[in-house]
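Just so it is clear: chains get the letters A, B, ... in the order the sequence lines come, proteins before strands, and each one is counted from 1.
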Number of protein chains: 2
Amino acid sequence: MSDEKIFKDCLKTLQPFNDTLDIISGKWRLQVIIAIGAGCNRFNIIQTNIPKITPKVLSKELKLLEANKIIRREISTGYPVKINYYLEPYADTLTPLINAIRDWGLNHRSKIIKAMKDTGG
Amino acid sequence: MSDEKIFKDCLKTLQPFNDTLDIISGKWRLQVIIAIGAGCNRFNIIQTNIPKITPKVLSKELKLLEANKIIRREISTGYPVKINYYLEPYADTLTPLINAIRDWGLNHRSKIIKAMKDTGG
DNA sequence: CCGTATCCTGCACGATACTG
DNA sequence: CAGTATCGTGCAGGATACGG
């Protein structure tokens with residue numbers, strides 16, 4: 001198999017990467033997932049616990065995560081009506097991914113800092 | 001340990017995520033890594049094989065990847081001078097991550113399509 | 001309390017031309 | 001061949017105010 005062929009095969013597989021990155025990347029995405037996972041279930045509680053996030057942005061994030069089945073939105077029919085957000089069990093499938101991303105990041109920062117030291121002094 | 005404590009711990013760990021995502025996300029990043037890994041070692045060969053990428057953007061991508069030790073830039077001192085880009089061995093540490101991202105994306109697309117079918121009809 | 005509506009800003013990325 | 005320079009654009013995200 002030629003390098004060219006390998007390359008074309010790889011390019012064809014970009015879609016799954018983008019599908020994943022569309023969900024886990026972005027300035028607020030992981031923070032929202034983490035907040036809900038940590039028990040922040042109400043809109044204003046999430047907002048309070050994620051510094052600087054605006055309601056517009058939070059609303060958009062929640063809708064995307066709901067559309068992708070990562071979280072669910074529950075409306076209690078009592079009075080007053082309460083809306084709660086929860087992680088879906090499906091969110092657990094993200095765990096290995098999230099761990100892999102974190103671990104690589106931790107290792108990478110050490111590597112780059114070490115490389116800077118070696119070069120700088 | 002309270003939920004609040006868990007949450008604070010999680011927020012403290014956002015940096016490694018961002019470190020990783022800064023490197024693997026973006027419109028062109030993975031395509032450049034893949035192209036070089038597939039044997040495209042010259043600037044214009046990479047450019048030719050990544051449709052629509054401009055030299056300005058490719059230049060920026062290459063510098064970032066080099067600064068992060070994912071690739072290296074080799075200047076041959078013969079005539080004419082040739083510049084080649086290669087993946088560093090360190091790039092291999094990205095493989096498990098890249099596989100995890102691709103696999104989750106593939107599975108996720110099936111899930112969402114299935115969910116749409118179940119809802120839509 | 002749980003959002004929407006408007007308007008605005010910044011930055012990643014794009015088009016095109018040019019240089020050693 | 002391997003980039004830089006300039007100018008332009010689109011979209012994520014931000015500020016602020018308001019609505020059910």
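- Side-chain atoms of B:Tyr85 and B:Arg73 form a donor-acceptor pair, as typed in the model, at a separation below 3.5 Å.
- B:Ser76 contributes a side-chain N or O that, together with a main-chain N or O of B:Lys82, makes up a donor-acceptor pair within less than 3.5 Å.
- What separates CG of B:Leu21 from C1' of D:dA12 is a distance of 16 Å, to the nearest Å.
- Residue A:Asn44 places its side chain closer to C:dC2 than to any other of C:dT4, D:dG3, C:dC2.
- Separating the CD1 atom of A:Ile83 from the C1' atom of C:dT4 is a distance of 14 Å, rounded to the nearest angstrom.
- Rounded to 10 degrees, the angle separating the terminal helix axes of the helix from C:dC1-D:dG20 to C:dG20-D:dC1, each built from five base pairs, is 40°.
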Quiz prompt | Sequence-aligned protein contact record of nucleotides 7-19 of chain C, with B where the base is within under 4.0 Å of a protein heavy atom and S where only the sugar-phosphate is | solution = B-----BBB----
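- You'll find the side chain of A:Leu62 reaches within 4.5 Å of the side chain of A:Ile36, heavy atoms only.
- At the phosphate of C:dC2, OP1 or OP2 sits under 4.0 Å from a side-chain N or O atom of A:Arg42.
- Side-chain contact between B:Phe43 and B:Pro55 is present, with heavy atoms from C-beta onward closer than 4.5 Å.
- For A:Ile24 and D:dA12, the CD1 to P distance is 17 Å, given to the nearest whole Å.
- When side chains are defined from C-beta on, A:Glu88 does not count as touching A:Ile70, because their heavy atoms never get closer than 4.5 Å.
- For residues 52-66 of chain A, the side chain to side chain donor-acceptor pair (under 3.5 Å) pairs, not counting sequence neighbours, are A:Arg29-A:Glu61.
- B:Leu65 and B:Ile45 fall into different hydrophobic clusters, where Ile, Leu, Val, Met, Phe, Trp and Tyr residues are linked whenever their side-chain heavy atoms come under 4.5 Å apart, directly or through other members.
- Rounded to an integer number of Å, the gap from CG of A:Leu58 to P of D:dA15 is 15 Å.
- The side chain of B:Tyr85 contributes an N or O atom lying less than 4.0 Å from OP1 or OP2 of D:dG3.
- Distance A:Phe43 CZ to D:dG19 P: 17 Å, rounded to the nearest Å.
- Within residues 62-78 of chain B, the residues that place at least one heavy atom under 4.0 Å from DNA chain D are, in residue-number order, B:Lys63, B:Arg73.
- Put simply, the side chain of A:Asp22 does not reach to within 4.5 Å of the side chain of A:Asn68, judged on heavy atoms.
- The distance between atom CG of A:Asn84 and atom C1' of C:dC2, rounded to the nearest whole Å, is 12 Å.
- If you take CG of B:Asn49 and P of D:dA2, they are 13 Å apart, rounded to a whole angstrom.
- The side chain to side chain donor-acceptor pair (under 3.5 Å) pairs that include a residue from residues 90-106 of chain A are A:Tyr90-B:His108, A:Thr93-B:Trp104, A:Asn99-A:Arg102, A:Trp104-B:Thr93, where partners are two or more places apart or lie in different chains.
- Among all heavy-atom pairs drawn from A:Leu87 and A:Ile33, the shortest one is CD2-O, 3.9 Å.
- Applying the side chain to side chain donor-acceptor pair (under 3.5 Å) definition to pairs two or more places apart or across chains, none involves residues 34-44 of chain A.
- One interatomic measurement links the two molecules: OH of B:Tyr79 to C1' of D:dA2, which rounds to 15 Å at whole-angstrom precision.
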